[in-house]
Protein chains: 2
Amino acid sequence: MINQSTTLDLTFQALADPARRAMLERLSTGPASVSELARPFSMSMPAVLQHLAVLETAGLTLSHKSGRVRTCEINPQALSTAQDWLAARRAEWEHRLDRLEAYLTELQNKDQGNG
Amino acid sequence: MINQSTTLDLTFQALADPARRAMLERLSTGPASVSELARPFSMSMPAVLQHLAVLETAGLTLSHKSGRVRTCEINPQALSTAQDWLAARRAEWEHRLDRLEAYLTELQNKDQGNG
DNA sequence: CGGATAGATAAGTCAACACTTAACTATGTG
DNA sequence: CACATAGTTAAGTGTTGACTTATCTATCCG
């Protein structure tokens with residue numbers, strides 16, 4: 001299953017790194033420049049740029065350059081794609097538990113009828 | 001920021017692989033044995049076991065062995081931890097947009113009052 | 001223009017990841 | 001017991017990821 005990168009792959013992969021999540025946390029409070037995003041980290045500029053590229057490739061952020069400053073912002077739509085996938089799995093699992101419970105209750109009622 | 005693995009790191013990292021997501025999708029419809037989970041893949045057994053280990057280490061699944069069969073199930077709690085993080089980021093961003101809108105509206109009202 | 005500031009590109013390193021094959025350990029079953 | 005089934009462990013390989021330093025290109029400011 002190597003090298004078949006879907007949107008979800010890129011999204012979750014991007015979210016897997018604490019530095020990138022920290023950048024998203026910062027961006028969720030409002031847009032920021034590259035150097036502003038870099039400030040909290042003891043990390044070289046190229047490293048920061050690579051993280052930002054990962055976020056942007058995954059669609060989690062957007063950016064535009066004005067003069068020599070690149071401003072980044074969060075893209076909430078990509079967040080909800082990931083969120084939706086998680087919600088779907090949970091819903092499916094809980095729906096299954098509900099069906100199971102209903103089935104067991106039904107069995108119990110039949111037993112009572114027959115006993 | 002190397003090698004400091006928090007729960008979220010492990011969770012999102014686990015979710016980043018399509019094979020592991022496929023396994024979770026299967027598991028969200030109910031528990032399954034290792035070989036049942038392996039069936040859809042053209043992948044060696046050890047590879048499947050490694051994926052399952054990643055899922056279990058991240059807390060996304062649970063398993064217990066009975067006889068020679070290991071049965072895996074999903075752990076919805078870990079799913080919601082990830083979901084909550086995403087929800088928090090979105091909420092923060094949207095809250096910010098709301099504040100911004102309120103501020104702009106207020107400015108506009110003042111302008112009207114002064115015009 | 002000259003120098004600081006903001007960001008970008010290239011190239012290299014080391015560790016982690018996603019596999020593989022080979023060999024091994026239970027646990028059922030005729 | 002013999003043989004199949006279900007899973008496990010070990011060890012190795014090629015690829016990707018997370019950095020680094022060095023160098024380079026705008027852009028703004030005096």
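Throughout, protein chains are lettered first and strands after them, A, B, ... in sequence-line order, and every chain is numbered starting at 1. Heavy atoms only: backbone and side chains are in, while hydrogens, waters and symmetry mates are out.
Note on Arg68(A): every side-chain N or O is 4.0 Å or more away from OP1 and OP2 of dA8(C). Between Gln50(B) and dC19(C) there is no side-chain polar atom (N or O) within less than 4.0 angstrom of OP1 or OP2. For dT5(C), the OP1/OP2 oxygens have no side-chain nitrogen or oxygen of Ser35(A) closer than 4.0 Å. Between His51(A) and dC19(D) there is a side-chain N or O to OP1 or OP2 distance below 4.0 Å.
The CG atom of Leu49(A) sits 15 Å away from the P atom of dT21(D) (whole-angstrom rounding). When rounded to the nearest whole Å, the span between CE of Met45(A) and P of dC24(D) equals 19 Å. Atom-to-atom, CZ of Arg70(A) to P of dA8(C) comes out at 5 Å; the value is rounded to the nearest Å. Distance CG (Leu10(B)) to C1' (dA16(C)): 13 Å, rounded to an integer number of Å. Nucleotide dA18(C) holds its C1' atom 15 Å from the CZ atom of Arg21(B), rounded to whole Å. Whole-Å rounding puts the Lys65(A) NZ to dT5(C) P distance at 17 Å. Between the CD atom of Glu36(B) and the C1' atom of dT5(D) there is a distance of 15 Å, rounded to whole Å. The interatomic distance linking His64(A) (NE2) with dG7(C) (P) rounds to 12 Å, in whole Å.
Ranking dC19(D), dT20(D), dA6(D) by closeness to the Val69(B) side chain, first place goes to dA6(D). Residue Pro46(A) has its side chain nearest to dT9(C) when only dT9(C), dT8(D), dG7(C) are considered. Nearest to the side chain of Gln13(A), among dC17(C), dG17(D), dA18(D), sits dG17(D). Of the candidate nucleotides dC19(D), dT8(D), dA18(D), dA18(D) has the atom nearest to the side chain of Arg20(A). Of the listed nucleotides (dT8(D), dG7(C), dT20(D)), dG7(C) has the atom at the smallest distance from the side chain of Ser33(A).
Hydrophobic clustering (side-chain heavy atoms under 4.5 Å, transitive across Ile, Leu, Val, Met, Phe, Trp, Tyr) keeps Val54(A) apart from Val48(A).
Taking the salt bridge (Lys or Arg N to Asp or Glu O under 4.0 Å) definition, one finds that Glu25(B) meets it with Arg89(A), sequence neighbours left out. Among residues two or more places apart in sequence or in another chain, the side chain to side chain contact (heavy atoms under 4.5 Å, CB included) test is passed with Gln50(B) by none.
Contacts of Ser44(B) with the nucleic acid, taken as non-hydrogen atoms under 4.0 Å apart, include base atoms.
Residues Ser63(B) and Glu56(B) bring a donor and an acceptor atom of their side chains to less than 3.5 Å of each other.
Heavy-atom nearest nucleotides on DNA chain D were determined for Ala16(A) and for Thr71(B), and the one closer to the 5' end corresponds to Thr71(B).
Using bins of under 30°, 30° to 60° and over 60° for the plane-to-plane angle, the ring pair Trp85(A)/Phe12(A) lands in the perpendicular bin.
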